[in-house]
Structure formats: structure tokens, C-alpha cells
Amino acid sequence: MNNLNLSLLLKASRFRVIPVMVIPVVLGGLGAIVWNDTFHPILFVLTFIGSIAAHLFSNMINDLWDFRNGIDTAAKETASTISTNSGFLANGTIAERTFSFLTWSLFAVALICGLILSISSGWLVLVFGGLGALIAYFYVAPPIKFGYRGKGYSEIAILLSFGILPTLGSYYVQTMQVDYRPILLSLPIGLLTTLILFNHHFLHWESDQSAGKRTLVVVWGEKRALVFSKCLFVLSYLALILCVIVGVFPYYALLALVTAIPFYRVYGNLKSENPSPAYLPLMGASLKATTRGGLIMMLALVVQAIFQ
């Protein structure tokens with residue numbers, strides 16, 4: 001694949017947001033070191049590669065079905081909307097058949113990694129991976145399309161797919177144990193990632209509404225959804241405090257609380273109703289808080305592993 005094609009693939013798969021999957025996988029591996037004094041580098045690398053492939057598959061299958069369901073077209077035709085899809089299908093940059101082939105190629109990579117890991121660490125690996133794959137596919141694919149139903153299913157799915165499942169799965173691969181600690185460990189980063197996905201609906205809720213995609217922003221309305229966004233913001237950082245209290249994170253992981261300050265300031269600049277561009281800083285703050293907060297959480301566990 002030449003550099004141009006690789007660049008298109010990275011953009012189409014939205015590779016730049018890959019930290020939201022990498023962080024929980026790393027946290028699960030670090031949990032195995034801290035709590036079980038166990039780490040298998042080759043298994044971790046396979047988990048890492050498989051999780052990244054699964055995440056990119058999730059991004060692309062979402063774009064593929066949004067295009068087929070008319071969401072991309074509605075976004076282009078709604079002046080006030082900011083599209084968060086790659087736009088390559090709606091613009092004709094990549095043919096649908098080629099896009100589909102690349103999408104399922106990523107799934108194949110994730111599946112191969114999962115099968116190898118299941119041989120080494122047990123069949124539960126396939127359960128974790130299979131649940132993630134089903135959530136990713138039916139988020140926008142018929143007949144379920146639960147991401148279109150506006151009942152909170154998509155938010156629960158994101159918490160599972162980008163928090164609990166990758167963290168617990170990564171921990172299980174290393175230890176072959178299921179434990180409550182990696183589940184708790186996943187909650188701060190999982191909730192912050194859920195907040196990213198929730199906030200991005202503000203950018204195109206009007207086109208979602210016209211295309212029949214019933215996100216919570218569409219169902220509740222902008223004002224009520226913004227209140228929920230703020231509640232989810234608070235809950236994310238309360239989860240971190242809880243994890244420190246119960247000993248899942250060391251106390252110095254509380255340094256991640258500083259990432260809430262610029263995030264909070266962005267909320268202060270928003271009114272109850274805003275034009276779509278006004279939510280771009282909120283999206284930026286969401287992503288920065290997640291990546292920076294996740295980095296601090298990972299470093300806290302690294303320090304704990306070294307000095308415990």
C-alpha cells in the first residue's frame with residue numbers, strides 16, 4: 001500500500017482517536033502487573049494489535065452503515081451540522097465496496113488475534129471480543145441499530161466497548177482471571193470516553209433528527225442533553241476518586257483530577273442552546289481530558305508497579 005492509500009486508510013478509520021482504546025488495554029495490563037505480578041509481553045502485543053484493529057473496524061463499520069442509512073447525506077444537506085464521519089463515502093473519495101473490504105479486513109485482523117489469544121488464555125477471550133464485535137456492528141447496522149433508538153443503549157455500549165471489555169479483557173489475557181478490580185479500573189476512562197461519544201452528537205443532532213437517528217440529544221433536546229453531559233462529566237471524576245478510595249488506583253492517580261479544570265471552563269462558555277460550532281471546543285476538551293487523564297492513570301500504575 002503506498003503512502004497516499006495508507007493516509008486515506010488512517011483518515012477513514014479515524015486513527016487519531018485510537019488512544020481511547022489503547023488506554024483501557026494498557027490499564028488492564030498494568031493491573032495484572034500491580035495485583036498479580038504477571039505480565040506476558042507477546043500476549044500483550046497481540047491484545048494491543050487486536051484491540052486497535054477492533055476499534056478501527058468499529059469506526060469504519062459505523063461510517064459504512066451511517067452512509068447506507070442516509071445519515072451522511074443528511075449531514076451534508078443540513079447547513080448547521082458538523083459531520084463527525086470521515087466523509088469519504090458521501091464524497092465518493094472511496095468506493096463503498098473498497099471501504100467495506102478495508103472495514104472487514106480490520107475485523108479479520110482482530111479475529112485472528114482473538115483466536116490466538118483464546119488458545120493461550122482461554123475461551124473467555126472470544127466472549128469479550130465477540131461482545132465487542134456485536135456491539136460495534138449492531139450500533140448502526142439493521143435490524144437492531146440500537147445507536148438510533150435514543151434510550152441510552154449507545155452510551156451503555158460505549159462504556160462496555162471502550163471501558164469495561166478492553167480493560168477486563170486485557171487483564172484476563174495476562175492472568176486468566178476475572179476480577180472486580182479491572183472493572184472498577186475501567187470506569188473513569190470508560191465514562192470519559194462515553195462522554196466524548198455523547199458530546200459529539202451535539203455537532204450534528206439536527207441532521208440526525210431529520211434522518212431518523214434518535215440519539216439522546218435528539219430525544220431529550222439540546223438543553224436537557226447538555227445537563228446530562230455535565231452530570232456524566234462529574235460522574236467520570238467521581239469514579240476516579242472511588243477507585244482511589246477502594247485501592248484500585250494509588251492516591252497519586254488523583255493528579256488526573258486537574259484535567260477536569262479546562263474541561264469545566266468549556267462548559268461555562270456554553271448556553272442552554274448553542275450553534276453546532278460552539279460544541280467543537282467541548283469535543284476538544286473531552287478528548288484532551290480523556291487522553292491526558294488516561295496517561296496520568298497509566299503512569300500512576302507504572303509508578304506503583306515499580307515501587308510497591
Side-chain angles (χ1 to χ4, degrees), residues 19-40 43-44 46-48 50-51 54-55 114 117-118 120-136 152-195 197 231-257 290 293-308:
V20 300
M21 177 56 78
V22 168
I23 292 169
V25 171
V26 173
L27 287 175
L30 289 171
I33 296 174
V34 171
W35 305 321
N36 300 79
D37 196 26
T38 299
F39 186 72
H40 305 285
L43 297 182
F44 181 78
L46 283 171
T47 305
F48 194 82
S51 298
H55 174 61
L117 289 170
S118 69
S120 172
S121 300
W123 60 271
L124 270 180
V125 172
L126 294 180
V127 174
F128 295 137
L131 282 173
L134 288 173
I135 290 171
Y153 300 140
S154 57
E155 285 68 34
I156 294 171
I158 297 303
L159 178 59
L160 286 171
S161 299
F162 294 95
I164 295 173
L165 288 176
T167 307
L168 181 58
S170 179
Y171 175 83
Y172 176 80
V173 164
Q174 296 292 324
T175 64
M176 290 185 283
Q177 297 176 19
V178 175
D179 196 327
Y180 74 93
R181 289 175 295 184
I183 296 176
L184 290 176
L185 188 71
S186 74
L187 293 181
I189 196 66
L191 287 167
L192 283 171
T193 303
T194 303
L195 187 54
L197 273 294
C231 291
L232 197 54
F233 162 77
V234 173
L235 189 60
S236 301
Y237 288 98
L238 286 178
L240 173 60
I241 296 171
L242 173 63
C243 285
V244 171
I245 291 173
V246 300
V248 171
F249 275 119
Y251 69 91
Y252 36 88
L254 290 175
L255 287 171
L257 292 175
T290 302
L295 179 60
I296 294 171
M297 293 176 214
M298 290 189 295
L299 289 174
L301 289 179
V302 169
V303 172
Q304 184 179 12
I306 293 172
F307 293 105
Q308 70 179 358

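The structure presented is a predicted model; accordingly, all values stated were derived computationally and were not measured.
- In this structure, CG on L192 lies 11.0 Å from CG on L187, to the nearest 0.5 angstrom.
- Within 6.0 Å of the CZ atom in F39, the count of heavy atoms belonging to other residues, nucleotides or ligands exceeds 12.
- The main-chain N or O of H40 is found under 3.5 Å from a side-chain atom of Q174 such that the two form a donor-acceptor pair.
- Checking T193, T194, L197 one by one against V20, the side-chain contact (heavy atoms from CB on, under 4.5 Å) holds for a single residue, T193.
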Original post:
Given F249 and Q304, is the side-chain contact (heavy atoms from CB on, under 4.5 Å) satisfied, shown in steps?
Top reply: CA-CA 9 Å; F249 275 119; Q304 184 179 12; over 6 Å; no

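- Minimum heavy-atom separation, G169 to F128: CA-CD1, 3.8 Å.
- T38 places a side-chain N or O within donor-acceptor distance of the main-chain N or O of N36, the cut-off being under 3.5 Å.
- Between A305 and I33, the closest heavy-atom pair is CB-CG2, 3.8 Å.
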Original post:
Going through the checks in order, is the side-chain contact (heavy atoms from CB on, under 4.5 Å) test met by S120 and L43?
Top reply: CA-CA 8 Å; S120 172; L43 297 182; 3.4 Å; yes

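- Side chain of D179 to main chain of R181: a donor-acceptor pair is present (N/O by atom type, distance under 3.5 Å, no hydrogens or angles).
- When every heavy atom of L185 is checked against every heavy atom of P188, the shortest pair comes out as O-CD, 3.5 Å.
- By the neighbour-count criterion of 12 heavy atoms within 6.0 Å, atom CZ of F48 is sparsely surrounded, having that number or fewer from other residues, nucleotides or ligands.
- At least one donor-acceptor pair under 3.5 Å links the side chain of S170 to the backbone N or O of V25.
- Between the CG atom in L238 and the CG atom in L191 there is a gap of 10.0 Å [rounded to 0.5 Å].
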Subject >> Derivation and outcome, side-chain contact (heavy atoms from CB on, under 4.5 Å), residues V178 and Y171 >> reply: CA-CA 8 Å; V178 175; Y171 175 83; over 6 Å; no

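- Proximity of V173 to F44: side-chain heavy atoms (C-beta onward) are nowhere separated by under 4.5 Å.
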Output a table of donor-acceptor pairs, distance under 3.5 Å, between side-chain atoms of residues 157-166 and any protein atom two or more places apart or on a different chain; print 'none' if there are none.
from, atom 1, to, atom 2, distance (Å)
S161, OG, A157, O, 2.9

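- The minimum heavy-atom distance linking I23 with T290 is given by the pair CD1-O, 3.7 Å.
- The two atoms that bring I189 and P24 nearest to each other are CG2-CB, 4.3 Å, heavy atoms only.
- Atom CG of L295 is separated from atom CG of L255 by 11.5 Å, given to the nearest 0.5 angstrom.
- Taking CD1 of I245 as the reference point, atom CG of L184 lies at 11.5 Å (rounded to 0.5 Å).
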**OP:** Evaluate the side-chain contact (heavy atoms from CB on, under 4.5 Å) criterion for residues L124 and V127: first the C-alpha distance (whole Å), next the side-chain angles of each, then the deciding distance (0.1 Å), finally the verdict.
**Re:** CA-CA 5 Å; L124 270 180; V127 174; 4.1 Å; yes

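- With a 4.5 Å cut-off on side-chain heavy atoms, T47 and L117 count as touching.
- In this structure, Y237 and F233 have perpendicular ring planes: the angle between them is above 60°, well past the 30° mark.
- To the nearest 0.5 Å, atom SG of residue C243 and atom CG of residue L254 are 10.0 Å apart.
- Side chain of Y172 to main chain of S121: a donor-acceptor pair is present (N/O by atom type, distance under 3.5 Å, no hydrogens or angles).
- Taking CD1 of I296 as the start and CG of L240 as the end, the distance is 9.5 Å to the nearest 0.5 Å.
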